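Structure first, then comments.
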Amino acid sequence: MDKKLYITTAIPYVNSTPHIGNAMDYLLADIWARYQQQQGYEVRFQAGADEHGNKIAAKAAENGLSPQEYTDQQVVGFRKLIEAVGAGVTDFVRTTDPRHVAAVQYIWKKLQPYIYKGSYEGWYCVGCEAFYTDKEVQENAGVCPDHQKPFERVKEENYYLKTSAFTDKIRDAIESGEMTIVPDNRRTEFLELIKDGLQDVSISRPRRSLSWGVPVPDDPDQVIYVWIDALANYITVLGYPDIDGWQLYWPADVQVVGKDIVRFHAGYWPAMLLGLGLKLPKKLLVHGHVMVGGAKMSKSVGNVVDPLEVIDNYGVDAFRYYFSRHVPTLDDGDFTWERFEMTYNNELGNDLGNLMQRVAAMIVKYQAGVIGQSEQAEHDMSLYHDAMDNFEFNKAMDEVWSMVRSLNQYIDNVKPWQIAKGLGSDPEAEPHLSDVLAHCAGALLQIGDLLVPFMPHTAASIHAMFEDGVVHPPAGMMYPKIYQHTADPRNASNQ
RNA sequence: CGCGGGGUGGAGCAGCCCGGUCAGCUCGUGUGGCUCAUAACCACAAGGUCGUAGGUUCAAAUCCUACCCCCGCAACCA
């Protein structure tokens, strides 16, 4: 019985605090996971942290900590975000986990036939302990801006992975659909990129320039560079190679990545897998970036939005709502506090929250809370499911909201409050009203079902309110108005 | 000619692949309705020569050509 699915998220480099992009990864993966669970699948859901490298070591030193102490501290923030987003992660891997480290060394050995020693030459800054591209050197007139020292021409020994040898197989896999890249234009983009073949990639650094990392087996002078170390997490977390059971989940059904790291996941990673004799992931889901007011989010501009701030102020479901519906799943999206707050008030408060309230109130008022029986007209959900299958979560949500609108319209057309006026005199009134209100409650329950992957708390509230034949009015108002970033219209008339 | 995305009423978008039934949706604005509800909900209205110039066609936002303008990417930032 093939009911097990596996979805992964990119593991963030923990040298800074979590941002919206990380949250997008977790959110999209979680929506998919919950949707599949609803369909009866068992879903394994990985997340993790990339903890090696010079930047980490440097940051640790700045803070007077050992690298391990520093990452121990940093990882907490990411776990907190995962929890805050409500992502049902089942496995969390850190690249400093001893099991992972051992597995990476095993992988290195197994890839031996495809590894060779070469030399790398480039512009190096002693202060940064890092190489720079020709362009960067040019832009800074040959002087490191951080250290005010001239770049040096340095040549060093590196191990390389023969990714070039796998170009054809990878291209075939993408073209045949064995490994699909979603959306299509990302696939095209990547195929274009490897038109002339993949270039071999440097996978190690001399110990003197990279001390915080996994040692290369049998070569004390070299340390494994990020690629093999980080990408391997997707299988080491499952237990590869020594803990049995990983075979049940690999190849991954979906790997969620941001558009900026497609090439690593569509190129290097498959090369590694092929070298190991493993299957390629079935699908790479490439999402876009979140912009702020049309501009790139960046620390230097100072427009970075902290996902936790959004969640703390408006709640998880509001966060999940905005970033699943108003940020296109497969494209870039935009965030501003004003826009966020407006959709919160209008769509969650006015459209949905108020709808739940008015239906519940009428049933309580006219029928003492008893929900009658009504045949539910089965809504055509195919557009919703198609959208879900195509990873167009935003479109699926549009479908749900059109149901919300329809129900509001239906209520206004049928006017239950007028039917209620005939309750004492007209014998038809009671069954008619009961039927209408039961229909409303039923429609809301359907909406609740569709919201399960997106807004688990809201879905649960809807079910709790209407599912057992008696209305249970909510303890508090659903999505009460918040006016922190937009004008409060209620003040307008008072002034 | 490095690669890719985009320019549609005040704002944000859909439609373009498979030309006509396309000028649509949400927000905002105006008017009206309703009173079950979170000053909410519902209806109607105003507003666009669909970046520019040509071309193909009975017919183009939709296909072709040229040009203009924005924005990403170009190996380690989701």
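What you see below is based on every heavy atom in this structure, not just the backbone, and it leaves out hydrogens, waters and symmetry mates. Please read these numbers as outputs of a predicted model, since none were measured by experiment. Labels below follow one simple rule: chain letters A, B, ... track the order of the sequence lines, proteins then strands, and each chain is numbered from 1.
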Out of B/C36, B/A78, B/G72, whichever nucleotide has its closest atom nearest the side chain of A/Val290: B/A78
Touch class at under 4.0 angstrom, heavy-atom based, for A/Arg187 against every strand present: nothing
Distance below 4.0 Å between A/Arg263 side-chain N/O and B/C77 OP1 or OP2: no
Touch class at under 4.0 angstrom, heavy-atom based, for A/His326 against every strand present: nothing
NZ or CZ of A/Arg263 within 45° of A/Phe190 ring axis and under 6.0 Å: no
Listed partners of A/Arg207 passing side-chain contact (heavy atoms from CB on, under 4.5 Å), at least two apart: A/Pro215, A/Val223
A/Arg325 CZ to B/A14 P, straight-line distance once rounded to whole Å: 13 Å
Rounded distance in Å between the P positions of B/A53 and B/G19: 24 Å
Touch class at under 4.0 angstrom, heavy-atom based, for A/Tyr268 against every strand present: base
Nearest to side-chain heavy atoms of A/Gln409, which nucleotide of B/C42, B/U38, B/U35: B/C42
Base-pairing assignment for B/A45 (Watson-Crick or G-U wobble, both under 3.5 Å): B/U29
Between B/G2 (C1') and A/Glu192 (CD): distance, integer Å: 9 Å
Nucleotide paired to B/C13 in any strand shown, Watson-Crick or G-U, under 3.5 Å: B/G24
Parallel, tilted or perpendicular: rings of A/Tyr116 and A/Tyr160 (30°, 60°): parallel
Touch class at under 4.0 angstrom, heavy-atom based, for A/Lys195 against every strand present: nothing
Proximal nucleotide (of B/G12, B/U26, B/A78) relative to the A/Arg339 side chain: B/G12
B/G5 and B/C13, which share atom name C1', separated by this distance in whole Å: 15 Å
A/Tyr479 and A/Asn350: CA distance, side-chain angles, deciding distance, side chain to side chain donor-acceptor pair (under 3.5 Å) verdict: CA-CA 9 Å; A/Tyr479 301 109; A/Asn350 296 347; over 6 Å; no
